[in-house]
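Here's the structure, in structure tokens; my notes come after.
These figures come from a predicted structure and were not determined experimentally.
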Amino acid sequence: FLPAGTPLLFYPPLFFFFFFTANSLNERASYSTRTLFDVFLNVTAKTAFLFILPQYNVSVPTADGELVQYHYGLKDLVTILFYIFIAIILHAVVQEYALDKINRRLHLSKVKHSKFNESGQLVAFHLTSVIWCLYVVVTEGYISNPRSLWENYPHVYLPYQVKFFYLCQLAYWLHALPELYFQKVRKEEIPRQLRCIALYLLHIAGAYLLNLTRLGLILLLLQYLAEFFFHMARLVYFTDENNEKLFNVWAVVFVVTRLFTLTLYILVIGFGLPRVESQALDPERGNFFSFLFNNILFRMSVLLLVCLFQASVMWRFIHFQLRRWREYWNEQSSRKRATAAASGTRQQTKLLKRDSGYHENGVVKAENGTSPRTKKLKSP
């Protein structure tokens, strides 16, 4: 990263900040490349597949034959670790080849530059996740058959694409923690981003461990759709501050997704799961957390917390929109008053000129620039 011929004294030491940030991408890329290369070697193939592919596959008998499905376990942490490095590499690629080039043309301030990078990364992630999640939900039939969200609960065994989706989601939000250091995020922004990361990890890991993956997929689809419009509106606003139309679109999408989210929570947790027959505890089958969850006290407590959280989110949204509309109308009224005052002043000036004319070189002239004609007195 330094030009050729630079003296050795100018190379940063091993544990210096700039050396670490400049060479961390190469280290992560080399680690990922070595893991992928190990797949093609017979000796290390089993270990490499532990990092790349989801583990704990089980053959489940069905009417059409056997179906290979998966459940969760401790080995998932190794797979998540590998995809954390992949997410960091993709993050750096988007930053260098897309966002940095746009930033050079816009010449934004430091605060807007940081927010633009954040929204740009999240737009790419949310768009990819919405398309991927929609494909999984449609192909698995969760939309066409809403009863499948709670029937045969707990959903211990997962299709390959469902488990892989959850592992990648956990890897992405875990990779956001070291990115706070790599991107040199301002100290004022770190608490807000940590809260956001913690909430996403809590909801995704909770749905994964409680075997609520079907409900979690649809809720993530709704959440990511609203977040995509919000960050897209921010990007458009940074390029043109007079263009705020996408914020209105985001407001509508946000309200609709909140209503659908709350309805799904009440439908599945409040009405669907109580109809499911209680099953015996079987830790080997992986229903330990779902066995604890599917009792009326714990289930109603979770539903109450979710309703309170959604109500607080809607309250903050309504408060923000009212403040935004109040500022907009105050600005519009002040502009109208300024325009009316300026037009009244111009009209008064025209009337004064028309009535009394004006002076030029000591001579009173009319509005058209000619001297007023004096009347001749008739002699008696």
Side-chain angles (χ1 to χ4, degrees), residues 1-6 10-12 16-33 35-36 82-135 168-169 171-190 192-194 196-197 200 223-250 253:
F1 292 90
L2 292 175
T6 305
F10 289 94
Y11 281 93
F16 196 55
F17 173 80
F18 295 106
F19 179 85
F20 181 74
T21 55
N23 293 276
S24 57
L25 179 58
N26 290 338
E27 294 172 1
R28 295 189 295 271
S30 62
Y31 165 76
S32 304
T33 306
T35 305
L36 293 174
F82 173 76
Y83 286 100
I84 286 175
F85 290 110
I86 297 297
I88 293 175
I89 294 171
L90 294 177
H91 187 112
V93 170
V94 173
Q95 183 68 41
E96 182 175 355
Y97 292 100
L99 298 178
D100 287 346
K101 292 183 179 180
I102 299 174
N103 276 320
R104 293 190 193 101
R105 297 180 180 179
L106 296 178
H107 304 289
L108 300 174
S109 62
K110 289 185 178 180
V111 177
K112 290 185 177 180
H113 180 82
S114 176
K115 292 182 178 180
F116 184 87
N117 289 336
E118 178 190 357
S119 294
Q121 293 286 348
L122 290 175
V123 161
F125 168 71
H126 289 318
L127 180 60
T128 305
S129 297
V130 164
I131 297 173
W132 189 3
C133 189
L134 182 62
Y135 173 78
C168 290
Q169 291 294 315
Y172 179 85
W173 290 109
L174 286 172
H175 110 280
L177 294 174
E179 284 295 342
L180 297 176
Y181 176 76
F182 296 140
Q183 296 293 324
K184 304 177 187 177
V185 178
R186 296 184 302 120
K187 293 182 179 180
E188 296 82 5
E189 293 289 326
I190 289 179
R192 179 185 63 84
Q193 295 199 22
L194 284 177
C196 179
I197 294 169
Y200 272 111
Q223 175 67 22
Y224 286 162
L225 186 64
E227 289 293 311
F228 169 75
F229 278 102
F230 172 71
H231 290 287
M232 194 69 197
R234 285 180 69 179
L235 291 180
V236 174
Y237 175 76
F238 288 141
T239 55
D240 183 9
E241 294 187 355
N242 296 322
N243 191 348
E244 298 184 359
K245 294 180 180 179
L246 269 181
F247 280 109
N248 298 328
V249 177
W250 163 72
V253 174

Asp240 side chain reached by Val236 side chain, heavy atoms, under 4.5 Å: no
Approximate separation, where rounding is to 0.5 Å, of Gln183 CD and Ser114 OG: 8.5 Å
Residue pairs, two or more places apart or on separate chains, that pass salt bridge (Lys or Arg N to Asp or Glu O under 4.0 Å) and touch residues 229-238: none
Set of salt bridge (charged side-chain N to carboxylate O under 4.0 Å, His left out) partners for Arg186, sequence neighbours left out: Glu188, Glu189
With Phe230 via ring pair (Phe, Tyr, Trp, His ring centres under 6.0 Å) - residues at least two apart: Trp250
Counterpart residues, side-chain contact (heavy atoms from CB on, under 4.5 Å), relative to Ala233 (two or more places apart): Leu246, Phe247
Residue pairs involving residues 108-126 (criterion salt bridge (Lys or Arg N to Asp or Glu O under 4.0 Å); sequence neighbours excluded): Lys112-Glu241, Glu118-Arg192
Pairing residues for Asp100 by the side-chain hydrogen bond (donor to acceptor under 3.5 Å, both in side chains) criterion, not counting sequence neighbours: Gln95
Euclidean distance, Ile102 CD1 relative to Phe116 CZ, rounded to 0.5 Å: 4.5 Å
Straight-line distance of Ile84 CD1 to Leu177 CG, nearest 0.5 Å: 8.5 Å
Spacing of CZ belonging to Phe238 relative to CG belonging to Leu108, to within rounding of 0.5 Å: 7.5 Å
Partner set under side-chain contact (heavy atoms from CB on, under 4.5 Å) for Leu90, not counting sequence neighbours: Ile86
Check: Ile197 and Leu174 side chains under 4.5 Å, non-hydrogen atoms: no
Leu235 versus Ser119, closest heavy-atom pair with distance: CD2-CB, 3.9 Å
Partners meeting ring pair (Phe, Tyr, Trp, His ring centres under 6.0 Å) with His175 (sequence neighbours left out): His91, Tyr172
Using atom types as modelled, flag every donor-acceptor pair under 3.5 Å from a side chain in residues 123-134 to any protein atom, sequence neighbours excluded.
residue: Thr128; atom: OG1; partner: Ala124; partner atom: O; Å: 2.8
residue: Ser129; atom: OG; partner: Phe125; partner atom: O; Å: 2.9
residue: Ser129; atom: OG; partner: Gln169; partner atom: NE2; Å: 3.3

Atom of Val185, atom of Glu179 and distance for their closest heavy-atom approach: CG2-O, 4.5 Å
Asn117 CG to Leu122 CG distance, which is reported to the nearest 0.5 Å: 11.0 Å
